[in-house]
Each structure stands twice: as structure tokens, then as C-alpha cells.
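Naming: A, B, ... by sequence-line order, numbering from 1 per chain.
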Amino acid sequence: MHNQEIAWALVEMANLLEILGENPFKVRAIRKGARVIEGLETPVSVLSARGQLAKIDGIGKGLCSEIDELLQAGESRQLQRLREKVPPGVLDMLQLPGIGLRAVRTFFAEGYTTLDELEEGARKHRLRLLPGIAAKTELAVIRGAEMLRRRSGKFGLGVAKPLAEELLRFLQNLPEVSRAEITGDLRRSQEVVEEIHLLVASHEPEALLALVKKHPSAAKVLVEGPGFVRFAFAFGLPVRVEITPESDFIARWVETTGTAQHWSALRSRGALPAKAVTDESGGELICQQWDAPRRDDGDWRRFISSQEAEEAFYEGLRLPWIPPELRESGQEVSQAEGGTLPQLVEMNDILGDFHIHTNWSDGVSSLEEMIGAGRDRGYAYMAITDHSQSLTVARGLSETKLREQQRAIRQLAAREKDFTVFSGIEMDILGDGRLDYADDILREMDVVIASVHTGLRQERQKVHSRLETALKNPHVDIIGHPTGRLIGTREPYDVDIDWLLDLAAKTGTILEINSSPDRLDLSAPHARLAKERGVMIAINTDAHDRARLSEMAFGVANARRAGLEREDILNTKPLAEVKKILSRPKG
DNA sequence: GCCGTTTTCGGCCCGACTGTTTTCAGTCG
């Protein structure tokens with residue numbers, strides 16, 4: 001069982017116990033355990049085998065045996081018992097914004113067991129007859145149910161990508177498989193996907209499909225046919241495994257990666273490269289399709305890499321290779337033809353990370369661990385930016401603590417060679433429009449990120465006035481997660497993005513692409529607008545533990561979808577230039 | 001359920017806003 005799956009099982013357990021009225025501290029302890037598991041870089045199964053599980057902070061005897069059971073049986077008896085007591089629809093109710101435990105318990109007690117029933121009750125004004133429920137709550141149910149419906153059947157990049165990569169490794173290691181790749185929306189790094197689509201070249205399709213269906217993740221086969229199977233993980237994410245002859249592979253990969261518009265733009269350029277090909281046994285015609293170029297060493301299995309082959313495919317259309325993230329509207333094809341495709345930023349260009357939390361506020365890992373992890377990633381620099389004093393729930397730093405932390409950072413930084421650690425802060429833009437520290441404190445910080453965490457439902461004028469104070473402050477370098485959205489769970493606060501971009505351009509304030517797959521904020525369309533206005537972007541992880549530093553890849557993919565290039569991004573620049581940018585007077 | 005001890009029991013993050021009621025519990029971040 002994947003760490004993520006174990007974490008989900010624990011979260012589900014916590015939610016069920018909460019609804020059933022279990023001790024809130026116990027519930028919180030289990031939730032914390034889930035968060036710790038999510039943040040582990042080593043598979044839980046490995047730690048369990050080594051007997052190291054109980055040594056982890058937040059995992060005690062109880063969770064340890066629960067996790068061991070999940071690992072061994074793939075299920076937990078306690079979880080199954082709890083599920084029998086609470087219908088799944090009641091758990092869904094907890095996801096409705098503005099609806100909490102008390103309301104859900106009331107609904108459940110009154111016999112509402114599905115979201116649909118609840119929504120109908122709200123629309124017919126029957127919920128307001130219940131104790132403690134009135135019109136506003138009915139409205140919250142209706143709005144929330146609509147949001148959940150929009151989200152249903154969609155899975156975030158942070159869930160789908162790692163699972164797809166794991167399945168891909170499984171396929172690539174099978175002797176029946178000559179080539180396997182991720183394709184579809186996931187390859188284009190869409191924010192949410194409806195399925196994992198894997199394309200596989202194999203000369204033994206039947207044997208391969210039989211193996212795929214036996215994969216431990218394939219909880220349920222949804223549909224199967226000649227050359228494909230679609231199965232689902234236990235938590236619902238569907239996986240399509242499509243088998244294609246080696247000769248078709250690259251063409252089919254291109255076809256399934258891009259949108260229909262991209263494919264039709266390619267086709268409109270005339271006939272796609274086509275040529276009669278033969279299979280490895282020699283002689284037999286498979287199809288009238290394009291053949292992947294192969295190395296001339298006579299070994300059928302040793303084709304050139306998929307990437308090279310795809311480049312050759314586009315070359316066959318007299319086009320440069322078009323990055324998957326851009327294969328959307330079809331216009332990228334004419335751009336490619338005109339030689340005006342952007343030179344997209346790549347992971348290798350990223351030299352640091354400016355938004356990192358530690359256990360000084362609400363992070364999991366220590367200063368030493370985070371700094372070590374940044375150095376190990378080969379970064380040239382990073383900034384520690386814990387929460388500011390007013391965000392008490394995240395144990396935000398008082399002025400005294402902040403200064404203490406700054407000293408600790410300076411000390412640790414002094415030990416580093418060729419690796420610079422900036423002492424920064426993620427400062428709250430308070431609900432009343434003030435900033436959380438005075439200018440004389442901010443002046444001492446190497447990096448100041450200003451973020452909105454409260455008053456997310458204020459009217460636009462108020463939100464704008466708060467942001468304006470932050471952007472115009474000479475010490476504020478970066479605005480963190482500039483719209484505050486959580487993909488599929490929370491709408492952005494009311495901000496006019498054009499207004500924000502203009503102000504950022506005018507004041508020389510950098511805007512963040514928050515790499516967390518739950519946020520991706522700025523979104524790709526907004527980041528594209530930012531580039532057009534000449535607003536600089538910082539791609540940050542907002543990591544709360546070591547493992548999440550790797551979420552940088554999601555932020556970079558988002559930037560690529562926005563057409564961003566290296567020069568548009570703060571954390572691709574060499575140290576000297578970064579220092580110059582951070583210390584320049586703002587406009 | 002976890003943790004840390006004044007070590008096997010008691011505390012566990014908290015302040016502001018909101019919705020439902022009239023003084024506070026629920027919800028959020």
C-alpha cells in the first residue's frame with residue numbers, strides 16, 4: 001500500500017470517528033498521523049519492516065498496529081466497522097464549506113444519508129425545520145453540493161501523477177512491454193484529471209492485460225476490450241491501459257497527449273507521416289502507420305527513446321517538437337511553424353525555493369532538515385518563511401521568536417558552502433488591512449512573502465485595499481498564493497486579476513506560483529497574463545516537510561502551461577541577481 | 001491516540017467571524 005493510500009485510510013477513519021462523537025483529541029491525533037505519513041519520503045512498508053515506524057513523531061502504538069494491518073491485509077477491521085455505521089454520503093457532507101460536525105450530525109440523525117437527499121431537503125426548505133439550521137445553512141448546502149458535483153470524478157495532479165508514475169514503472173519492467181508512457185491530460189499536467197491514461201507497446205497484449213488486471217491497485221475492472229482495460233483504484237481514480245503495436249506507438253502517443261484541437265491542427269498540415277512497417281518477426285504488415293525510428297543494431301527492443309522518437313515525428317511534419325503542456329488550442333501548431341514557441345522553463349533551471357515552512361511554525365521538519373533537503377536537491381539558495389504572529393493556529397512567530405529564528409538560520413547558513421539560506425517570513429495580510437509586522441522588522445528580513453489567510457469572503461473592495469497595502473509596502477517582495485483558491489474545495493477570494501497584475505507591475509512586486517497541487521496559484525492562465533504584463537513570477541513549494549520540496553515539479557509544469565520562460569522566473573536566476581532583485585527599491 | 005513527564009495521567013493551538021439566537025456554539029483558517 002502506497003503512503004498516500006494509508007494516509008487516506010487514516011483520514012477516513014478520523015472523519016468517521018468524529019461523526020460518531022469520538023474524543024476530538026483522538027481524532028486530531030489520527031489526522032496528524034496521516035499528515036506525517038503523507039510527508040514521509042520512505043515507503044511506510046520499508047519503515048515497518050525495519051521496525052522504525054513507532055519511532056516517528058506522531059505515530060504511536062495504536063497507529064502503528066493500524067498501519068501494519070493496512071499494509072498486511074490491505075484493509076483495516078476498525079475502518080470497516082466504522083464504515084458500516086456511517087454511510088459514505090454522510091462523510092461527503094463534511095466536505096461542504098460552512099457545514100461542520102454539528103450540522104452533519106443533525107442531518108444524519110434526521111435520516112439524511114446522501115448529498116442528493118440533503119440538497120433536495122435544502123431546495124425544498126425542509127432543512128430549516130431542523131434545530132440549529134436556518135436559511136443560510138440551506139444555501140451553503142446547495143452551493144457546496146454544486147461545487148462537489150463539479151469536482152466529482154476529478155482527481156488532482158498531486159494524487160494522479162505519483163500513482164501514474166508507479167504504475168508506469170511496473171509496466172516498463174515487464175518483459176511483455178517494449179515501451180510504456182503516460183499520456184492524456186496527465187501528460188499535459190492539467191490541474192485535475194478524470195483518469196490515468198497509460199499507453200503501452202507490447203507484442204503479447206493478452207498476457208499483458210491479464211497481468212495488469214491482477215495488479216494490486218486494480219480494485220475494480222470498469223471495462224475491458226481488445227487491446228485495453230480500464231480499472232479503478234479503491235478510492236475511485238480510473239486507469240486506462242491501452243496497448244498498441246510498437247509501430248503505432250509514437251503516433252498514438254501524440255494523438256492521445258494533445259487535445260483534439262491539437263491533433264486536428266497537426267492533421268490539417270497534410271498527411272501525417274505514414275509508412276508501411278513490419279513487426280519484429282519480419283515481413284508481416286501491421287498497419288499503414290508511421291514507424292518509430294530505431295537504432296540500427298538489429299535489436300527490436302532497443303528503439304530510441306520515446307522523446308527522441310516524438311521529436312522525429314514532429315520533424316516529419318516539418319515542425320519543431322511541441323512540449324505537451326502547450327498542446328491545447330491548436331494555435332501552438334502555427335506558433336511552432338512560425339518559430340515563435342516559447343523556450344519553456346525546465347526543472348533544471350530552478351535554483352532555489354523561496355517559500356518553506358519548518359516546525360518553528362506549522363511545518364513538520366526542523367530547520368536543519370529543511371536546509372539539508374534544499375542543499376541535497378542541489379539548490380543554490382532557499383528561503384525559510386514561517387508564518388507570522390497573527391496566524392496563531394499555525395503557531396505564527398512573535399517578533400522575539402522571529403529574531404531568534406533569524407539567528408538560528410544565520411548560524412546554520414554559515415556552515416553551508418555554495419548554498420545560501422535566506423531568512424524570510426510569510427507575513428499575514430490581516431483582515432483589517434494592516435500587515436502583521438512593522439516596517440522596521442520587515443527591513444531586517446531577506447525575503448518577505450505577504451499572504452492572505454483570513455477574511456477570505458470579504459467583498460472585493462476590502463480585499464483590494466488589503467492587497468494594495470501589501471504590494472505598495474517597500475519590504476514586501478512576493479505575494480503568496482495570490483488568489484487563495486484551493487482546487488475543487490475553495491473558491492478564490494474576490495480579487496480582480498487584471499487589477500492585481502497592474503499593481504504588481506507598477507510596484508515591482510513578484511507574484512507566486514504556489515506549487516502545491518491543491519493550489520497551483522497563480523493558475524496557468526493567470527500566470528500567462530502575468531508574463532504579458534511583465535510581472536515576475538516565483539515558483540515556490542510552500543513545503544511544510546522535506547518530501548514536499550519535490551512538489552516544485554507541479555509548479556514548473558503549471559508555469560510551462562502558462563508559456564513561462566526562464567527569464568520570467570525569480571528562482572532561475574543566479575544568486576547575485578536574486579540578491580539584486582530582492583534589495584532593489586520598489587516602484 | 002500521542003506525548004512527556006512533576007513518567008502511566010492529563011493536556012492536547014486559538015482568535016475572529018458567522019449563523020442561529022438572544023448569549024453562544026459552530027466553523028474556519
Side-chain angles (χ1 to χ4, degrees), chain A residues 9-11 13-37 53-69 76 78-79 82 93-107 122 127-141 143-144 357 359-364 386-398 401 426-434 436 451-459 462 466 480-481 484-486 489-493 516 518-519 521 542 544:
Chain A
L10 294 181
V11 168
M13 190 179 293
N15 289 343
L16 291 165
L17 286 168
E18 192 170 40
I19 289 169
L20 292 169
E22 183 57 84
N23 172 5
F25 294 109
K26 176 173 167 177
V27 171
R28 190 198 290 172
I30 299 173
R31 289 223 175 94
K32 189 186 170 201
R35 188 162 166 244
V36 169
I37 298 292
L53 212 47
K55 290 190 192 128
I56 300 168
D57 210 31
I59 310 291
K61 266 190 195 157
L63 284 179
C64 206
S65 69
E66 203 60 53
I67 291 166
D68 277 333
E69 188 182 341
S76 144
Q78 195 195 351
L79 191 54
L82 292 169
M93 294 176 194
L94 269 184
Q95 310 277 317
L96 299 166
I99 305 300
L101 203 52
R102 181 196 56 89
V104 170
R105 285 208 195 119
T106 304
F107 298 145
L127 298 188
R128 63 181 66 178
L129 304 175
L130 305 177
I133 308 291
K136 288 253 175 111
T137 305
E138 287 181 336
L139 197 64
V141 166
R143 287 224 179 108
H357 295 274
N359 59 9
W360 280 66
S361 66
D362 65 345
V364 174
D386 271 308
H387 287 290
S388 63
Q389 52 193 0
S390 288
L391 207 64
T392 47
V393 55
R395 301 208 320 276
L397 303 180
S398 66
K401 270 274 177 200
E426 182 184 19
M427 173 181 62
D428 258 58
I429 303 170
L430 303 178
D432 61 9
R434 291 175 304 125
D436 208 7
S451 306
V452 170
H453 291 112
T454 54
L456 299 166
R457 280 174 293 188
Q458 289 173 351
E459 58 184 36
K462 180 88 197 180
R466 292 165 71 193
H481 39 75
R485 73 162 177 171
L486 291 177
T489 55
R490 189 173 76 202
E491 297 296 325
Y493 43 76
S516 164
D518 297 332
R519 291 189 184 268
D521 183 10
D542 198 356
H544 285 64

Asks: Could you state the atom-to-atom distance from CD of A:Glu491 to C1' of B:dC28 in whole Å?
Replies: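 Distance check: A:Glu491 CD to B:dC28 C1' gives 16 Å.
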Asks: Within this structure, what is the CG-to-P distance between A:Leu10 and B:dG1, rounded to whole angstrom?
Replies: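 Result: 12 Å.
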Asks: Starting at atom CG of A:Asp436, determine the distance to atom P of B:dG29, rounded to an integer number of angstrom.
Replies: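 From A:Asp436 CG to B:dG29 P: 18 Å.
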Asks: Would you mind reading off the distance between A:Asp57 atom CG and B:dG1 atom P, rounded to a whole angstrom?
Replies: 18 Å
Asks: Measure the distance from CG on A:Asp362 to P on B:dG29 and round it to the nearest whole Å.
Replies: 14 Å
Asks: Using the side chain to side chain contact (heavy atoms under 4.5 Å, CB included) criterion, which residues pair with A:Ser390? Sequence neighbours excluded.
Replies: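 Expected list: A:Leu430, A:Asp436.
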Asks: May I have the distance from A:Gln95 (atom CD) to B:dC28 (atom C1'), rounded to whole angstrom?
Replies: 15 Å
Asks: Could you identify the nucleotide paired to B:dC28, looking across every strand shown and requiring Watson-Crick or G-U wobble geometry with both distances under 3.5 Å?
Replies: B:dG15
Asks: Without decimals, in angstroms, what is the distance between A:Leu17 CG and B:dG1 C1'?
Replies: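 The distance from CG of A:Leu17 to C1' of B:dG1 comes to 10 Å, rounded to the nearest Å.
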Asks: Rounded to whole angstrom, note down the P distance from B:dT5 over to B:dG11.
Replies: 16 Å
Asks: Show the nearest heavy-atom pair for residues A:Arg519 and A:Arg485, with the distance to one decimal.
Replies: O-NE, 3.0 Å
Asks: Regarding A:Lys61, tell me which of base, sugar-phosphate or nothing describes its non-hydrogen contacts under 4.0 Å with the strands shown.
Replies: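 Sugar-phosphate, no base atom in range.
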Asks: Show the nearest heavy-atom pair for residues A:His481 and A:Ser451, with the distance to one decimal.
Replies: CE1-CB, 3.6 Å
Asks: Figure out the CZ/C1' separation between A:Phe107 and B:dT27, and round it to whole Å.
Replies: 13 Å
Asks: Please measure how far the P atom in B:dT20 lies from the corresponding atom in B:dC28, and state the result in whole Å.
Replies: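 Their P atoms lie roughly 13 Å apart.
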Asks: When rounded to the nearest Å, what value does the distance between C1' atoms of B:dC9 and B:dG15 take?
Replies: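 Those two atoms are separated by 29 Å.
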Asks: Checking all strands, does A:Ile56 fall into the base, sugar-phosphate, or nothing category for heavy-atom contacts under 4.0 angstrom?
Replies: sugar-phosphate
Asks: Could you tell me which residues satisfy side chain to side chain contact (heavy atoms under 4.5 Å, CB included) with A:Arg105, sequence neighbours excluded, listed by chain and number?
Replies: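 A:Arg105: side chain to side chain contact (heavy atoms under 4.5 Å, CB included) contacts with A:Leu101.
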Asks: Please name all residues satisfying side chain to side chain donor-acceptor pair (under 3.5 Å) with A:Glu491, sequence neighbours left out, ordered by chain then number.
Replies: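 Side chain to side chain donor-acceptor pair (under 3.5 Å) check on A:Glu491 returns A:Arg150.
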Asks: When the C1' atoms of B:dT21 and B:dG4 are compared, how many Å lie between them, rounded to an integer?
Replies: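 Each nucleotide's C1' atom is 42 Å from the other's.
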Asks: Name the nucleic acid region contacted by A:Arg490, choosing base, sugar-phosphate or nothing; use a 4.0 angstrom heavy-atom cut-off, strictly under.
Replies: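 Sugar-phosphate only.
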Asks: How far, in whole Å, is B:dC3 from B:dC13 if one measures between their C1' atoms?
Replies: 15 Å
Asks: Would you give a per-nucleotide map of nucleotides 10-23 of chain B, 5' to 3', where B means the base has a protein non-hydrogen atom under 4.0 Å away, S means only the sugar-phosphate does, and - means neither?
Replies: --BB-----SSS--
Asks: Looking only at non-hydrogen atoms, find the nearest pair between A:Met93 and A:Phe107 and report the distance.
Replies: SD-CB, 4.1 Å
Asks: Going by atom type alone, with no hydrogens or angles, which donor-acceptor pairs under 3.5 Å involve a side-chain atom of residues 54-68 of chain A and a protein atom two or more places apart or on another chain?
Replies:
| from | atom 1 | to | atom 2 | distance (Å) |
| --- | --- | --- | --- | --- |
| A:Ser65 | OG | A:Gly62 | O | 3.1 |
| A:Glu66 | OE2 | A:Ser76 | OG | 2.6 |
| A:Asp68 | OD1 | A:Ser48 | OG | 2.6 |

Asks: Base, sugar-phosphate, or nothing for A:Pro24, non-hydrogen atoms under 4.0 angstrom?
Replies: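 Touches nothing.
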Asks: When you compare B:dC12 with B:dT6, how far apart are their P atoms, in angstrom units rounded to a whole number?
Replies: 16 Å
Asks: Between A:Gly98 and A:Ala54, which is nearer to the 5' end of DNA chain B once each is assigned its nearest nucleotide?
Replies: A:Ala54
Asks: Determine the interatomic distance between P on B:dT8 and the same-named atom on B:dC14; round to the nearest Å.
Replies: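 Roughly 25 Å separates the two P atoms.
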Asks: What's the closest nucleotide to the A:Ile30 side chain, out of B:dG1, B:dG29, B:dT27?
Replies: B:dG1
Asks: What is the nucleic acid contact for A:Leu391, judged by heavy atoms within less than 4.0 Å: base, sugar-phosphate only, or nothing?
Replies: nothing
Asks: Excluding sequence neighbours, so at least two apart, what forms side chain to side chain contact (heavy atoms under 4.5 Å, CB included) with A:Arg102?
Replies: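 Once residues adjacent in sequence are excluded, the partners of A:Arg102 under the side chain to side chain contact (heavy atoms under 4.5 Å, CB included) criterion are A:Thr106, A:Ile133.
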